[in-house]
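Naming convention: chains lettered A, B, ... in sequence-line order (proteins, then strands); numbering from 1 in each chain.
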Amino acid sequence: MQEKYLPQDIERAAQAKWAHTQAFRAADDGDRPRYYCLSMFPYPSGKLHMGHVRNYTIGDVLARYHAMRGFNVMQPMGWDAFGLPAENAAIANGVPPAKWTYANIDHMRTQLQALGFAIDWSRELATCKPDYYRWEQWLFTRLFEKGVIYKKMATVNWDPVDQTVLANEQVIEGRGWRSGALVEKRDIPMYFFRITQYADELLTGLDTLPGWPERVKTMQANWIGKSVGVRLAFPYQLSSPASLEGEGRGEGGEVENGQLWVFTTRADTLMGVTFVAVAAEHPLATRAAANNPELAAFIAECKQGSVAEADMATMEKKGMDTGLKVTHPLTGEFIPVWVGNYVLMSYGEGAVMAVPAHDERDFGFAQKYGLPIKQVISVENETFSLDAWQEWYGDKTRGRCVNSGKYDGLGYEAAVDAIAADLAAKGLGEKKTQFRLRDWGISRQRYWGCPIPIIHCDACGDVPVPAEQLPVVLPEDVVPDGAGNPLNKRADFVNCTCPKCGGAARRETDTMDTFVESSWYYARYACPDFAGGMLDGRAKQWLPVDQYIGGIEHAILHLLYARFFHKLMRDEGLFGAEHIVQGRGVASPSPQPSPLEGGGANDALRAPKAIDEPFANLLTQGMVIADTYYREDAAGKKTWFNPADVETRDGVALLKSDGQPVVVGGTEKMSKSKNNGVDPQALIDQYGADTARLFTMFAAPPEQSLEWSDAGVEGAHRFLKRLWKTVYEHMQGAAASPSPQPSPLEGEGANDAQGAPKAIKDLRRQLHQTIQKVGDDIERRKQFNTAIAAVMELMNALAKLDGDDATTRSVRQETLEAAVALLAPIVPHIAEALYAELRPGAALAWPAVDESALVQDEIELMLQVNGKLRGSLRVPAAADKAAIEAAALASEAAQKYLEGQPPKKVVVVPGRLVNIVV
RNA sequence: GCCGGGAUGGCGGAAUCGGUAGACGCAGCGGAUUCAAAAUCCGCCGCUGGUAACAGUGUGGGGGUUCGAGUCCCCCUCCCGGCACCA
């Protein structure tokens, strides 16, 4: 055995062996239970970052653990290859996005392979390849014909200088990122997925996902935002535009009757409405602005700035009176109509009824513009005052109606019911369930994406591309210049013939949101080579994904879209005909298959699973963060330095190149802008993949953010060196000993109460406790840092075990074999090499727990007096409560505090503590 | 602004069901080894007082429940993620 731990050598050898034996090829057939372990695929941005290393190591630990326990594991990998950064790189460097993307993929694949992940590379896919996106286009055309996809107008960020649509990310403080021009909102036609049709199922489906983090389910539920309220109308009469002002009834001219619809969850406050507010894009606002230049200017101002909700919600609330009046649906009173910059056209009806007395935002608005505030809810012992908003004004749980005529005295629910009934009788309203969730607009005015398979024909309208003409191939030789979609300039792409009438037609040049590609890739991994359709029978066999791993930042959008897409594919019959109808699939997910005992178990077939949800278990990992360092010049411009170029001496951070100090700027998410990314490649080159893997798993639990630390990496590497050395010395001892290599102790031998020395018994107990804990930490708790800590403790204990007799050497052998196997999912290369030394020719197997080694005959309890720790107590493991209490009271510590008095109370928690209250 | 999460020694973190706060690792300090250094090995290590035994105190801040609270409840502060065209 080699004396030194040489990670580069053993990692190269292990990876070569795995490649040669195709060790990670998932079998599509066979009767071993399956385990589908999936990490979110990367965007091929250039090179791997630490977040990738962390994500894929977590997945790899789970995949390798399950493989060791006998599962048929599938862990695939692919590339989320369409997207904006490729276009940005093209603008910056003049390289076609396709070329840039494929080069990045090649480099990153090499990096992933160097980390030794147990990936089945035969299933690799890239979303920018026609053999992938053709099926997305195919599904689009099916859904378009079914009406699940439809076209409507939607608002986008428009850069008036670059003449292009901007992503929210490209709008910096209301201005275009390249031109610096003030961004405008502009309405353009887009295609939408009718995700709201599935809102209820997406909400109730969350209850069938016990393997998802509560917080992700809560976020999704809030995002879907189901609320029961009342949709109601404020009738109005408008005369011809010439006389729009005044009471709105108009003298002379044509009278137009209309209804302004709003949605409210507080119909009980309807009698307190003092104005209604409409969005700037609302038809009524447009109408009123026609001959009101001041209002038109205000509407134009509202249309400036980005469409991002965070911007909308934090800006100053502004409004303007339209001069129009509507009538209250119950009282017939005239109510003024305002335009409000805070009213969203895309939610509800694009208009809200304002009750300043009982809505905080309306209250502020009314105060600002001097609009009336009318109290219609009161709470006992509370006094209403116009001076300031008070919490109870908006509380619907405690109030009763006042100043509301026949509704006075009613509580929230009774008032809503009564008012809804009266509105319904007049045909001016009804109860309605409203979702916050909006339909998913997928049109992007960008080049590097999946073409939307629609042909525009003057005679036939929007015609979906027939299946036999798919895929609509995206030309890959295009270089975008940042001004508009370059596809529009490609006559060879745009010009085509209408599939219906054969006349000249134009191809749609918008591409799809890249979220569409990432919404179904998990299913395609089951059958990436299937040329006859989107999915084949293998998808049904592998799905749902047993374990999905990815960043918490995807908690809502990606995970919701993928759940939605899964249901679309189900209803398209892609998982088998029996699942087509909603809700007719298997009712609830089966529990996780339990690990196989002994690794064989042909009968432990995977139980039937629900096909309604794509991901049975979800793990959301935290970010990787690192220190930032900078220097500031006279003009206040900061230059950021990479942590790799900085060293800390005596608590002062110095730049390595000039030895001068730099400012420490705090710990932040690794990013290009702060130049604090640590390149995994440098780490692998210096310490090897196992050290990189060990450190990322040890430094923090998966769900928390992970702080980068060079010293921590050293520590991880040191542990692996020590592990290597321990095995080496053990093997040297074995070679020198007269007896052949020791076999590990099995059960009885060393464990016999009289036979074995205490040190041996204690170590074996710790060993088997550790086996139990590590399995539990990996499989149930998914907390790998404590699993590693437990093995470290075991190794520390082993180091203290002296002796060279046969029994000691056998226990040492048993302990080392188990420790190496327990670490194998985390540091597979070194484990492979050490196990080959400890057990030549044997395959790595998960160690079994020896229950008899866990038995203890005496245990230690802590002794508290008044809840404070005052001593400890040794009692037989079998002692009952009375015996423990007697022993506790008799103890020296108890006597000291009791001072001869009887205790007030004694609390005995068997196996834990005794608390004496004096 | 809205939704979700977090805060524990000098640092990363542990404490799994309300029961020994600080496991494990890093840094630091002391020692061994060495001509010396690196590497390695051994020991110490929350804070305050004390030579020590020990005592007090301590999980972002304030209050509460309990024999007992890092953990449960109420209020507050700060930090992070998401907000529909970044992926």
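Under a cut-off of 6.0 angstrom, the local environment of CZ in A/Arg436 is crowded, with over 12 non-hydrogen atoms contributed by other residues, nucleotides or ligands.
Residue A/Pro701 is in sugar-phosphate contact alone, with no base atom involved, counting any heavy-atom pair closer than 4.0 Å across all strands shown. Here A/Val156 lies in heavy-atom contact (under 4.0 Å) with a base. Across all strands shown, A/Leu913 has heavy atoms under 4.0 Å from base atoms, whether or not it also approaches the sugar-phosphate.
Remark: C1' of B/rC83 and CD1 of A/Ile552 are 14 Å apart, rounded to the nearest angstrom. Taking atom NE2 of residue A/His554 and atom P of nucleotide B/rC83, one finds them 10 Å apart after rounding to whole Å. Rounded to a whole Å, the CZ atom of A/Arg912 is 10 Å from the C1' atom of B/rG18. The interatomic distance linking A/Leu84 (CG) with B/rA87 (P) rounds to 6 Å, in whole Å. With rounding to whole Å, A/Met697 atom CE is found 14 Å from B/rG13 atom C1'.
Close to B/rA23, at under 4.0 Å from its OP1 or OP2, lies no side-chain N or O of A/Asn796. OP1 or OP2 of B/rA15 sits under 4.0 Å from a side-chain N or O of A/Gln783. When the side-chain nitrogen and oxygen atoms of A/Asn168 are compared with OP1 and OP2 of B/rC83, none of them lie within a distance under 4.0 Å. Of the side-chain N and O atoms in A/Gln704, one or more sit less than 4.0 angstrom from OP1 or OP2 of B/rA14. Of the side-chain N and O atoms in A/Asn222, none sit less than 4.0 angstrom from OP1 or OP2 of B/rC2. The shortest distance between the side-chain N/O atoms of A/Arg781 and the OP1/OP2 oxygens of B/rA15 is below 4.0 Å. Taking 4.0 angstrom as the limit, A/Arg215 places none of its side-chain polar atoms (N or O) nearer than this to OP1 or OP2 of B/rC80. Listed pair A/Lys217 / B/rC3 fails the phosphate criterion, with no side-chain N or O lying under 4.0 Å from OP1 or OP2. Residue A/Arg718 places at least one side-chain N or O closer than 4.0 Å to OP1 or OP2 of B/rA27.
Base orientation of B/rC17: syn (glycosidic angle within 90° of 0). Anti is the conformation of B/rG50, whose glycosidic angle sits further than 90° from 0.
Residue A/Lys773 places a side-chain atom within donor-acceptor reach of the base of B/rU16, judged by atom type and a 3.5 Å distance cut-off alone. With hydrogens and angles left out, the side chain of A/Arg722 and the base of B/rU40 share no donor-acceptor pair within 3.5 Å. Looking at A/Asn915, its side chain comes within 3.5 Å of the base of B/rC67 through a donor and an acceptor atom.
Between A/Phe193 and A/Phe565, the ring center distance clears the sub-6.0 Å criterion. Between A/Tyr5 and A/Tyr728, the ring centre distance reaches or exceeds 6.0 Å. A ring-centre distance under 6.0 Å is not found for A/Phe784 and A/Phe698. A ring-centre distance under 6.0 Å is found for A/Phe695 and A/Trp708.
Nucleotide B/rG1 is matched to B/rC83 when pairs are restricted to Watson-Crick or G-U wobble geometry with both distances under 3.5 angstrom.
Both A/Ala699 and A/Gly715 sit near RNA chain B, but only A/Ala699 has its closest nucleotide nearer the 5' end. Of the two residues near RNA chain B, A/Thr218 and A/Glu707, the one whose nearest nucleotide lies more 5' is A/Thr218.
Using bins of under 30°, 30° to 60° and over 60° for the plane-to-plane angle, the ring pair A/Phe82/A/Trp448 lands in the perpendicular bin.
The A/Glu553 side chain lies nearest to B/rG81 when the options are B/rG1, B/rA84, B/rG81.
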